[in-house]
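In what follows, a single structure is set out as structure tokens and then discussed.
Counting starts at 1 for both ligands and their atoms, following the listed order.
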Amino acid sequence: MHQKGDLYYPNEDFKKIALINNREIYQEAEKDPVKFWEKLAESLSWQKKWEKTFEHNPPYVKWFVGGKINITENIFEKNPQGWEKIKDKNAIIWQPELVDEEQKIFTYKDLFEKVNKFANALKKLGVKKGDRVGIYLPMIPEVIISMLACARIGAVHTVVFSAFSPHALQVRLQDTEAKILITTDGYYRRGGVVGLKQNADEAVDNTSVEKVIVVKRAGNPVNWDEGRDLWFEEISSQESGECPAEEMDSEDLFFILYTSGSTGKPKGIMHTCGGYIVQAKFTGQWIFDLKDDDILWCTSDVGWITGHTYTIYSPLLNTVPTLIFEGAPDWPNPDRWAQIIEDNKVTTFYTAPTAIRMFEKYGLEVIEKYKFESLQLLGSVGEPIDDSAWLWYFKNVGKERCPLVDTWWQTETGGILITSLPGVGPFKPAFSGLPFPGMNFEIFDEEGNICPQGKQGNLVLLPPFNPSLLRGVYKNPEKYLETYWKDYGEKVYFTSDAAYRDENGLIRIIGRVDDVIKMAGHRLSTGELEAAVNLHPDITECAAIGIPDEIRGEVPIVFVIYKGKKGEDEVKKEVVDYIKKEIGPIALPKEVYLVDDLPKTRSGKIMRRILRKLFTGEDLGDLSTLANSEIVSKLKNKVAGNNEK
Ligand code: WTA
């Protein structure tokens, strides 16, 4: 890459071989975005061609209306590149956590057979098109096999992150009314075995789950319910390796993925087949410049949207091997991640700023011996990347050679929507860059006027949006309307992010303007945390906020009003336990404060903004609107006292 002012551009040698290396594509897409997507869609294998490319019935959208397509045919036997040509290529490279355990590699042919066998097993259990299947698995090959098997027969998968608690899993299973849950005995994390089956056993009570399918991974002892539990391997191995692909309408439900919003209850984001497939394939291909000899390592767990789209579906649709890693990137040594890149000759590395900041903190000595010669492209996702992390990653991992794409998107958008293309640029530290071709983004002020360049406002997406935009919130149309289409009317999708544009049109994302906390790139809501803490019988009120954190971007802080008789330390522990039980260990707060009161308006609304400012050092502003302004100085002392400790 070379630098001009504060911008970076790809070098000529990268440009020469890049799939997209000039701006013509932007002009073409802008002229007619619907036609642009239509042209891309034409190169996929459709069971039946669509009749209408885009249909807008605000606030609902449809793409490729009337078309029929199954993603597994596009990955496997009807892959547009030709099955004979691709079947012996590597599809999955699985890296177990244990250093001395061997990798497992699956070619496209191996994977296809496993998918078909398991799809047949699901069918035998009565799973039909449209049925929901819960998947509660860590990063092992069976998670991919399970998702693809669902896709093969048209079942709707709902993957629940393996670090979520039994209760969080239960809530999702209840909402989807899944009849099947796929899990594992246990998996390795930081050298220990995490027993997942016991969580699953707890979660399936009071749900419609009839069968629990268990992958044997860690070999740890598990309880067994004879009438309900089945071993994954046993039921798969008896089946045939052929299974016809279900005919899927473009707008048939493909998967549901739960995510946090402003309230305590997670939302089931719905994605459908046609639009998602087109978006997953081409955003991955162009943004990561995916070619025949690439190896992609996207470090996101499949429990998140990044794992769905760029660990699994996009690389497989582009016939590129995807590396999946069971463990933590710094275990057993801080350079484990670097070792994996070198050993596997990874060409494309896609991770989150939290991981980058953690690598940075370990110090350069840790990666001194790595040249990272295989790497051609770096990506960042999930939270804003600051200048210093961007430059560290660019210099020390990408060796100033690799383009660094900072990709902005959401569970709701299904695929990346803002990032400069690697063969075009420009790139600027801390900026996500240009909207993907055909994307109509604006930055609005509160009234819906376009903000001038440099002024911060709300990031919105205008018609025709993008093919993989969410189609709704499962069983909750009001929530869909209220969350995304209320602020500026039913024709403007509000992202809930603040952003601004620089003089080159590059977009910088500031962060969420709603009550979502982005801890280590994971999405948590203050409402969810508060709902968990409020279950404590002696806590009468609480407030959760996210505060800036050097490594994890943001971390939660909880304030509670406690009316019981226990000591402070005990109450704090109980609060943490409630969060652990309701959400999982990923949501643990950095600190819990026991307080006498919370700052409130006269109408009784808790002013979380003021609580947050106690940590950021910002001016507290006018407190006269508070009903109890005297509490603020008390809280200030409490927070300051704690910081001194
Ligand atoms: C944030 C993750 C800054 C943003 C793919 C968004 C980002 C939320 C970036 C969605 C980025 C995602 N720079 N912020 N490159 N990418 N975000 O649903 O606040 O887990 O609204 O999807 O993450 O989080 P989600």
Legend entry - Nearest neighbour of atom 3 (C) of ligand 1 from the list Gly553, Pro384, Ala499, on a heavy-atom basis: Pro384
Inset, instruction - Answer with yes or no after comparing the ring centroid distance for His2 and Tyr8 against a 6.0 Å cut-off, counting only values under it. - result: no
Legend entry - Side chains of Pro403 and Met1 in contact at under 4.5 Å (non-hydrogen atoms): yes
Inset, instruction - Examine Asp406 against ligand 1 and note whether any of their N/O atoms are separated by less than 3.5 Å. - result: yes
Inset, instruction - Identify which of Arg508, Glu383, Glu412 has a heavy atom lying nearest to atom 14 (N) of ligand 1. - result: Glu383
Inset, instruction - Please tell me if the side chains of Val302 and Ile312 come closer than 4.5 Å, counting only heavy atoms from C-beta onward. - result: yes
Inset, instruction - Examine Thr495 against ligand 1 and note whether any of their N/O atoms are separated by less than 3.5 Å. - result: no
Inset, instruction - Starting from atom 24 (O) of ligand 1, find the nearest protein heavy-atom neighbour and note its residue, name and distance. - result: Lys518 NZ, 2.7 Å
Pairs of donor and acceptor atoms involving the side chains of residues 417-430, under 3.5 Å and at least two apart or interchain, shall be tabulated with distances.
{"unit_1": "Thr419", "atom_1": "OG1", "unit_2": "Asp406", "atom_2": "O", "d": "3.0"}
{"unit_1": "Ser420", "atom_1": "OG", "unit_2": "Pro426", "atom_2": "O", "d": "2.8"}
{"unit_1": "Ser420", "atom_1": "OG", "unit_2": "Leu434", "atom_2": "N", "d": "3.2"}
{"unit_1": "Lys428", "atom_1": "NZ", "unit_2": "Asp502", "atom_2": "OD2", "d": "2.7"}

Inset, instruction - Would you mind listing which atoms of ligand 1 come within a distance below 4.0 Å of any non-hydrogen atom of Arg523? - result: 10 (C), 18 (O), 20 (O), 24 (O), 25 (P)
Inset, instruction - Could you tell me whether some N/O pair between Gly521 and ligand 1 is separated by less than 3.5 angstrom? - result: no
Legend entry - Atom indices of ligand 1 within 4.0 angstrom of Thr407 heavy atoms, with elements: 9 (C), 11 (C), 15 (N), 16 (N)
Inset, instruction - For Thr311 and Tyr350, test the side chains for any donor-to-acceptor distance below 3.5 angstrom and give the result as yes or no. - result: no
Legend entry - Phe431 six-ring centre to Arg508 NZ/CZ under 6.0 Å and within 45° of normal: yes
Inset, instruction - With heavy atoms under 4.0 Å as the rule, classify the contact between His522 and ligand 1 as side chain, backbone, both or neither. - result: neither
Legend entry - Parallel, tilted or perpendicular, as decided by the 30° and 60° cut-offs, for the rings of Trp304 and His522: parallel
Legend entry - Other residues, nucleotides, ligands: >12 heavy atoms within 6.0 Å of Glu446 CD: no
Inset, instruction - Not counting sequence neighbours, which residues clear side chain to side chain donor-acceptor pair (under 3.5 Å) with Tyr9? List them please. - result: none
Inset, instruction - Please write down residue, atom name and distance for the protein heavy atom closest to atom 6 (C) of ligand 1. - result: Asp497 OD2, 3.1 Å
Legend entry - Nearest neighbour of atom 5 (C) of ligand 1 from the list Trp408, Trp409, Tyr310, on a heavy-atom basis: Trp409
Legend entry - Distance from atom 16 (N) of ligand 1 to nearest protein heavy atom, with residue and atom: Gly382 N, 3.1 Å
Inset, instruction - May I ask whether Ser496 has any heavy atom positioned less than 4.0 angstrom from an atom of ligand 1? - result: no
Legend entry - Under 4.0 Å to a heavy atom of Ile305 - the qualifying atoms of ligand 1, by number: 5 (C), 22 (O)
Legend entry - Criterion ring-ring contact (aromatic ring centres under 6.0 Å, His included) against Phe465, the qualifying member of Trp485, Tyr484, Phe494: Trp485
Inset, instruction - Output the list of atoms in ligand 1 that are nearer than 4.0 Å to some heavy atom of Ile509, sorted by atom number. - result: 3 (C), 14 (N)
Legend entry - Sub-4.0 Å atoms of ligand 1 with respect to non-hydrogen atoms of Thr306: 5 (C)
Legend entry - Gly511 to ligand 1, any heavy atom closer than 4.0 Å: no
Legend entry - Tyr393 ring center within less than 6.0 Å of Phe359 ring center: no
